[in-house]
2 protein chains.
Amino acid sequence: MAVTLADVAAAAGLSGSTVSRALSAPEKVNATTRERVERIAREMGYVPNHSARSLTAGRTDLIGLMVPDIANPFFPPIIKAVQARGMQHGRTVLIADVDERTADELPRARTMRRQVDGLIIASPRTPDDMMDELLALAPVVFVNRAVPGAASVVIDEAGGMAQAVEHLAALGHRAIAYLNGPKRSWSNTQRRGAVQAASARLGLDLVEFGPFEAQVQSGVHAADLVIARGITGVIAYDDLIALGVMARLTERGVRTGADISVIGVDDSPMSAMAYPTLTSVHVPGDAAGSEAVDALLAIIEDRQVEDDEHVVLDSRLIVRSSTGPARTA
Amino acid sequence: MAVTLADVAAAAGLSGSTVSRALSAPEKVNATTRERVERIAREMGYVPNHSARSLTAGRTDLIGLMVPDIANPFFPPIIKAVQARGMQHGRTVLIADVDERTADELPRARTMRRQVDGLIIASPRTPDDMMDELLALAPVVFVNRAVPGAASVVIDEAGGMAQAVEHLAALGHRAIAYLNGPKRSWSNTQRRGAVQAASARLGLDLVEFGPFEAQVQSGVHAADLVIARGITGVIAYDDLIALGVMARLTERGVRTGADISVIGVDDSPMSAMAYPTLTSVHVPGDAAGSEAVDALLAIIEDRQVEDDEHVVLDSRLIVRSSTGPARTA
DNA sequence: GGTTATACTGCAAGCGGTTGCTGCAACCGC
DNA sequence: GCGGTTGCAGCAACCGCTTGCAGTATAACC
């Protein structure tokens with residue numbers, strides 16, 4: 001089977017303790033001895049057993065990341081960033097995709113918690129009155145939802161959303177629509193609120209549709225509602241919905257950017273590639289992922305930190321060609 | 001801290017062995033005792049410690065899944081399927097995203113192998129002459145690349161690709177192009193070969209471009225090459241590239257489906273949503289994921305199976321509106 | 001040279017479960 | 001009534017590694 005610490009010890013004519021220390025607490029061992037141990041261990045292909053180490057150390061060096069849906073382009077950047085950052089700190093990331101099933105979040109999180117040192121939960125949809133139970137799985141850091149008493153990394157979407165509304169207003173649009181995202185989505189609450197506030201401030205007529213699932217198909221549906229209401233500016237909950245809107249508009253002979261302006265949120269890779277290219281609010285998922293890992297490790301490693309620290313990242317509008325001046329009727 | 005087996009044993013007035021058996025080898029314990037133990041364990045909120053169990057059992061109940069790029073829409077379905085299937089068998093899935101860095105595959109796989117019972121490697125780009133080293137990390141199952149002497153789940157793309165070529169031929173296209181995918185991609189070799197064979201069989205003029213990275217941007221670039229050559233039918237390595245081609249064609253005033261027909265591969269969710277909707281070769285990634293788990297577990301659990309079994313799944317063309325009859329000049 | 005500080009290294013006891021073997025008691029049949 | 005099964009539960013060793021404490025050799029000091 002595999003080479004164990006004892007094997008290395010035997011080969012080196014030392015005790016297991018010394019070998020152990022030589023490999024993980026270098027300063028406690030004579031330099032010469034250490035080098036010899038390291039060489040022998042390498043030659044024998046020794047690889048420490050994770051389970052054994054976890055058992056004594058009381059930690060697994062695993063961190064859990066839960067996302068609603070890997071297929072949603074908003075999450076891969078977060079996942080990648082979490083993995084990258086985790087790896088830098090010697091942590092492996094366990095990913096759970098709950099497939100948008102809100103009710104699965106808590107049980108999945110509980111299960112996962114048993115195998116990991118801490119949890120990062122992205123865009124949790126769990127209702128407010130049950131968040132305590134997620135919180136109880138501490139250490140846990142939330143991404144994309146501010147939770148009282150818990151550490152979180154949120155993106156200040158208000159800024160970007162306000163920019164989106166201002167952009168439409170500047171282009172002369174008077175009647176705009178906001179397409180709501182999933183019912184339980186904390187992000188949606190934020191985005192919607194910002195749009196409402198900005199619209200009111202700028203004196204625009206705002207109509208809301210939805211809630212919609214974060215899928216292209218939802219946008220296809222929404223597009224018809226928008227056309228029916230004679231609206232000229234649309235801000236969708238996310239890029240997927242926006243893309244659906246654009247596809248449907250084109251299908252119905254309505255020119256996106258000319259007849260109706262469409263804005264998405266997430267600035268996913270597709271937005272730059274759609275036709276027309278999609279104006280979108282950039283949400284720095286990758287940065288959020290890194291920050292989340294840092295926050296989590298800070299808690300796990302018990303560096304004197306508040307465990308309810310809130311990191312806030314900025315969003316901003318990226319203007320492309322799905323938005324254009326309102327037709328002067 | 002957490003409730004341990006010893007705690008439960010003490011509370012039940014039994015020895016640890018009995019509790020252990022009551023919980024994991026029910027038949028070796030008196031029914032009455034078992035029920036009592038189960039009740040007490042439940043009441044105390046006992047949860048067996050993963051590391052400890054792994055240590056004695058010699059297995060982690062973790063399986064590793066390596067993919068080139070989570071953000072590539074081809075992989076999420078595979079990931080989801082692997083997770084779902086794994087969960088059904090009490091396995092947790094560890095995911096590694098190598099970010100398309102071929103050189104990272106082997107080291108990442110090696111690292112991951114230490115923590116898991118077996119590996120599923122999707123679309124490995126590692127060159128043939130180094131595949132032995134991946135193979136040496138057995139048990140390992142490859143997805144989307146047939147490897148001699150190793151278990152693998154591949155999708156017979158030849159069928160779908162041939163259908164794609166036939167489709168173009170039936171529509172009257174005589175000069176077609178194939179846009180190659182990444183250099184090291186085994187899939188590309190398969191797809192390309194099938195296109196070549198079918199083109200030759202049907203007497204079409206085939207031009208090849210690439211290799212290209214599997215990104216929308218690649219397609220944008222490729223589109224110009226295609227236009228310059230007066231080609232009317234394009235088969236791209238994957239949907240992303242195809243979407244890029246379409247976007248660029250539209251941008252240049254060329255009508256996809258009318259002037260130039262475009263076919264993608266993967267049948268990703270976006271293909272149904274692009275405008276025009278993208279004709280694409282459906283590749284059953286989800287089924288491949290499930291099959292891979294089954295194959296891996298068969299090897300791990302040592303059910304008398306060849307460990308170089310090849311599962312082959314079929315692909316098929318989904319016709320949408322990005323393809324249409326060739327203009328009769 | 002004797003003594004104490006210093007620097008390593010080894011011993012052994014766990015970490016939380018699993019499991020082969022032993023022990024014991026109730027039960028069986030003759 | 002006795003030997004022989006059979007069914008359960010407990011003992012103890014072990015999985016591979018970490019770590020507090022003790023032991024020893026060497027260095028440093030007076």
Side-chain angles (χ1 to χ4, degrees), chain A residues 1-42 44-62 90 92 113-117 300-301, chain B residues 1-42 44-62 90 92 113-117 300-301:
Chain A
M1 292 291 290
V3 183
T4 73
L5 190 149
D7 297 334
V8 177
L14 291 169
S15 76
S17 345
T18 304
V19 175
S20 173
R21 280 191 278 256
L23 264 28
S24 42
E27 77 286 358
K28 296 188 168 181
V29 146
N30 181 297
T32 324
T33 313
R34 173 164 50 75
E35 279 166 28
R36 205 162 67 83
V37 170
E38 285 173 347
R39 183 174 49 73
I40 296 181
R42 201 174 333 109
M44 299 180 70
Y46 168 70
V47 171
N49 178 311
H50 255 272
S51 308
R53 181 169 288 179
S54 302
L55 188 55
T56 37
R59 57 187 172 67
T60 62
D61 284 342
L62 249 41
T92 304
R113 181 64 185 81
R114 297 164 17 187
Q115 318 190 31
V116 304
D117 297 335
I300 291 177
E301 292 168 3
Chain B
M1 292 290 290
V3 182
T4 74
L5 190 147
D7 297 334
V8 177
L14 291 169
S15 74
S17 343
T18 304
V19 174
S20 172
R21 281 191 277 257
L23 266 28
S24 42
E27 75 286 358
K28 295 188 169 179
V29 146
N30 181 296
T32 323
T33 312
R34 172 163 50 75
E35 279 166 28
R36 205 162 67 84
V37 171
E38 286 173 348
R39 182 174 50 73
I40 296 181
R42 201 174 332 110
M44 299 180 70
Y46 167 69
V47 172
N49 179 312
H50 257 272
S51 307
R53 183 170 287 180
S54 301
L55 187 55
T56 37
R59 57 189 171 66
T60 62
D61 285 341
L62 248 44
T92 304
R113 182 62 184 84
R114 299 166 13 187
Q115 320 191 29
V116 304
D117 296 336
I300 291 178
E301 292 168 2

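Throughout, a chain's letter reflects where its sequence line sits, starting with A, and its residues are numbered from 1.
Remark: R59(B) pairs with D61(B) by the salt bridge (Lys or Arg N to Asp or Glu O under 4.0 Å) rule, at least two apart or across chains. Checked against side chain to side chain contact (heavy atoms under 4.5 Å, CB included), R36(B) has the following partners two or more places apart in sequence or in another chain: A12(B), L14(B), R39(B), I40(B). Here S15(B) pairs with S17(B), T18(B) under the side chain to side chain contact (heavy atoms under 4.5 Å, CB included) rule; sequence neighbours left out. For the side chain to side chain contact (heavy atoms under 4.5 Å, CB included) test, residues two or more places apart in sequence or in another chain that qualify with T60(B) are S51(A), S54(B), L62(B), D117(B). Under the side chain to side chain contact (heavy atoms under 4.5 Å, CB included) criterion, A52(A) pairs with N49(A), L55(B), not counting sequence neighbours.
Rounded to a whole Å, the CG atom of D7(A) is 10 Å from the C1' atom of dG16(D). We find that CZ of R114(B) is positioned 16 Å from P of dG16(D), with the value rounded to whole Å. Atom CZ in R59(B) sits about 15 Å away from atom P in dG16(D), given to the nearest Å. Residue L23(A) contributes atom CG, which lies 8 Å from atom P of dT18(D) at whole-angstrom precision. dC8(D) atom P lies 15 Å from atom CZ of R36(B), rounded to whole Å. What separates CE of M44(A) from C1' of dG16(D) is a distance of 14 Å, to the nearest Å. One can place CG of N30(B) at 15 Å from C1' of dG10(D), the figure rounded to the nearest angstrom. Whole-Å rounding puts the L14(A) CG to dT18(D) P distance at 15 Å.
Using modelled atom types, one side-chain atom of R113(A) and one backbone atom of V116(A) make a donor-acceptor pair closer than 3.5 Å.
In this structure, L23(B) and Y46(B) have side chains that are in contact, with non-hydrogen atoms separated by less than 4.5 Å.
Sorted by first and then second residue, the side chain to side chain donor-acceptor pair (under 3.5 Å) pairs involving residues 21-30 of chain B (not counting sequence neighbours) are N30(B)-T32(B).
With pairs defined as Watson-Crick or G-U wobble and both atom distances under 3.5 Å, the stems of at least three pairs that touch DNA chain C come out as C:1-30 with D:1-30.
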I'd like a list of close polar pairs between nucleotides 23-28 of chain D and the protein, N/O only, cut-off under 3.5 Å.
none

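A pairwise comparison of heavy atoms in A11(A) and M44(A) identifies CB-SD, 3.6 Å as the closest pair. Residue T92(B) comes nearest to Q115(A) through the heavy atom pair OG1-NE2, 3.0 Å, listed as atom of the first residue, atom of the second, then distance.
Listed pair T33(A) / dT9(C) meets the phosphate criterion, a side-chain N or O lying under 4.0 Å from OP1 or OP2.
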Per-nucleotide protein contact string for nucleotides 16-24 of chain C (B base, S sugar-phosphate only, - none; heavy atom under 4.0 Å): BBBBB----
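Counting non-hydrogen atoms under 4.0 angstrom, V19(B) reaches nothing in the nucleic acid.
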